[in-house]
There are 2 protein chains.
Amino acid sequence: MHSEKFKNLIKFISRFVEFTELEMRTMLDCIEIIQLKKNEKFVNEGEIANRIAFTNKGYLRVYYIFDGEEITRDITPLNTFATALPSFISQIPSYEIISAISDCELFVIHKKNLDNMYLNFPKWERFGRRIIEEMFVESQRRVYSFITESAETRYKKLLIQHPEMIRDVPLKYIADYLGIKLQSLSRLRKSVE
Amino acid sequence: MHSEKFKNLIKFISRFVEFTELEMRTMLDCIEIIQLKKNEKFVNEGEIANRIAFTNKGYLRVYYIFDGEEITRDITPLNTFATALPSFISQIPSYEIISAISDCELFVIHKKNLDNMYLNFPKWERFGRRIIEEMFVESQRRVYSFITESAETRYKKLLIQHPEMIRDVPLKYIADYLGIKLQSLSRLRKSVE
DNA sequence: GTAATTATTTAACAAATGTTAAATGATTAT
DNA sequence: ATAATCATTTAACATTTGTTAAATAATTAC
């Protein structure tokens with residue numbers, strides 16, 4: 001059985017909706033496992049995102065090109081779903097690029113399989129809704145942190161909530177994520193210790 | 001028939017999923033229309049949000065108390081859905097407060113009716129997912145604007161995208177929404193003209 | 001193992017935004 | 001109509017963050 005391999009994914013899913021063995025297996029059967037080397041891309045600019053990934057190992061980052069520069073908009077923690085959502089939803093070319101910060105193992109589901117699951121098992125549609133709800137709430141939390149908190153506070157909170165991220169992810173990405181420049185982050189780190 | 005009254009709502013919904021007359025009427029039948037006077041609340045602090053509102057007239061704002069001060073986190077444009085989502089999803093007391101900036105007419109759906117719709121008509125579940133997806137994308141756009149844009153740029157873009165909002169909503173709420181102080185907004189407005 | 005590349009820090013100065021306080025304008029209640 | 005309240009602006013100064021440039025540290029490729 002593959003439940004051991006997919007342990008983290010199953011655990012994640014079960015937090016939202018309870019599935020029967022059959023329902024779960026239907027999903028696991030259409031998963032493709034891919035390994036990405038550091039800096040390899042999961043979604044390229046201009047490409048239509050037709051897959052969604054669960055990060056079983058490693059970190060992904062979502063970035064886009066702004067004024068010729070890469071700006072990291074998001075860093076996915078372990079064991080979360082990631083895709084270039086605007087592209088995935090509307091099937092338009094993606095301006096977001098997703099690439100591996102470290103070597104990654106991804107559990108990948110193709111959009112057409114997902115759409116089938118949605119059609120055949122309404123519970124999966126519910127799961128889709130619930131997971132997006134959670135992503136939305138998290139995104140709002142971030143908006144809220146930009147509105148009320150200083151860069152220093154945002155950094156300190158990230159340090160508490162995802163210490164492993166700060167250990168493993170280059171600071172330039174962390175700085176982008178926090179909405180400040182690398183040098184400002186460096187200054188701020190000194191004052192925080 | 002009530003389709004005239006609910007014209008904007010129907011138009012909004014039809015952008016996401018196509019419903020039959022019956023499916024649409026099932027939903028419209030459980031709508032409660034409420035009028036809020038300026039400053040009246042739709043969700044109170046500590047209350048469990050069990051309703052979702054479509055803003056047919058007027059603006060709502062979502063705010064919370066931080067350090068004894070009201071901080072406006074969001075201003076809902078006309079013809080959108082609003083609720084205190086973390087509370088609505090998880091049925092926990094809301095830290096977010098929702099109140100009317102101007103006199104409002106809201107089309108309100110109770111959570112239990114919504115849950116019934118989800119159960120009886122899978123298409124509504126799809127609608128729920130699609131609308132949250134859209135809200136998520138919008139929320140991400142905002143995160144992105146905090147990361148890459150100056151307050152001045154954020155203001156200018158708001159001016160272009162929602163000129164009516166800047167006309168109708170007190171600037172202190174706009175300032176919060178943009179993540180800056182009222183005085184900074186004022187200064188910035190002078191330099192923008 | 002050494003050179004090349006990439007990551008991080010440091011520092012001086014510039015620009016943006018916050019803070020405090022007050023003045024002016026607009027709206028609302030009586 | 002007038003006073004009271006609320007909204008917006010202004011200004012001086014403080015703090016935070018950005019910018020440019022360089023130094024140091026760590027990692028990677030050969």
Integer-rounded Å distance: [N] [atom2] and [X] [atom1]:
X: A/Lys172; N: D/dT27; atom1: NZ; atom2: P; result: 14 Å
X: B/Lys190; N: C/dG25; atom1: NZ; atom2: P; result: 14 Å
X: A/Leu171; N: C/dA7; atom1: CG; atom2: P; result: 10 Å
X: A/Asp103; N: D/dT27; atom1: CG; atom2: P; result: 15 Å
X: B/Ile166; N: D/dA7; atom1: CD1; atom2: P; result: 17 Å
X: A/Ile101; N: C/dT6; atom1: CD1; atom2: P; result: 17 Å
X: B/Tyr155; N: D/dT8; atom1: OH; atom2: P; result: 11 Å
X: A/Leu182; N: C/dT6; atom1: CG; atom2: P; result: 15 Å

Under-3.5 Å N/O pairs linking protein and nucleotides 26-30 of chain C:
none

Report the distance from atom [atom1] of [X] to atom [atom2] of [Y], rounding to the nearest 0.5 Å.
X: B/Phe107; Y: B/Thr55; atom1: CZ; atom2: OG1; answer: 9.5 Å
X: A/Leu178; Y: A/Lys157; atom1: CG; atom2: NZ; answer: 12.5 Å
X: A/Arg129; Y: A/Glu133; atom1: CZ; atom2: CD; answer: 5.0 Å

Exercise: identify the closest heavy-atom pair between B/Phe146 and B/Gly179: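 Nearest heavy atoms, B/Phe146 then B/Gly179: CE2-CA, 4.1 Å.
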
Looking only at non-hydrogen atoms, find the nearest pair between A/Pro93 and A/Ile48 and report the distance.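 Looks like N-CG1, 3.8 Å.
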
For every nucleotide of nucleotides 13-20 of chain C, 5' to 3': is a protein heavy atom under 4.0 Å from its base (B), only from its sugar-phosphate (S), or from neither (-)? ----BBSB

Hydrophobic cluster identity match, A/Phe54 and A/Val17, side-chain contacts under 4.5 Å: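 In one cluster with A/Phe54: A/Val17, yes.
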
For the residue pair B/Tyr63 and B/Tyr173, is the inter-centroid distance of their aromatic rings smaller than 6.0 Å?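 Between B/Tyr63 and B/Tyr173, the centre distance exceeds or equals 6.0 Å.
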
Aromatic contact between B/Tyr64 and A/Tyr144, with the criterion being ring centroids under 6.0 Å apart: yes or no?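 Yes - the distance between ring centres of B/Tyr64 and A/Tyr144 falls below the 6.0 Å cut-off.
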
Side chains of A/Arg126 and B/Tyr118 only: does a donor on one sit below 3.5 Å from an acceptor on the other?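 Per modelled atom types, A/Arg126 and B/Tyr118 side chains form no pair under 3.5 Å.
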
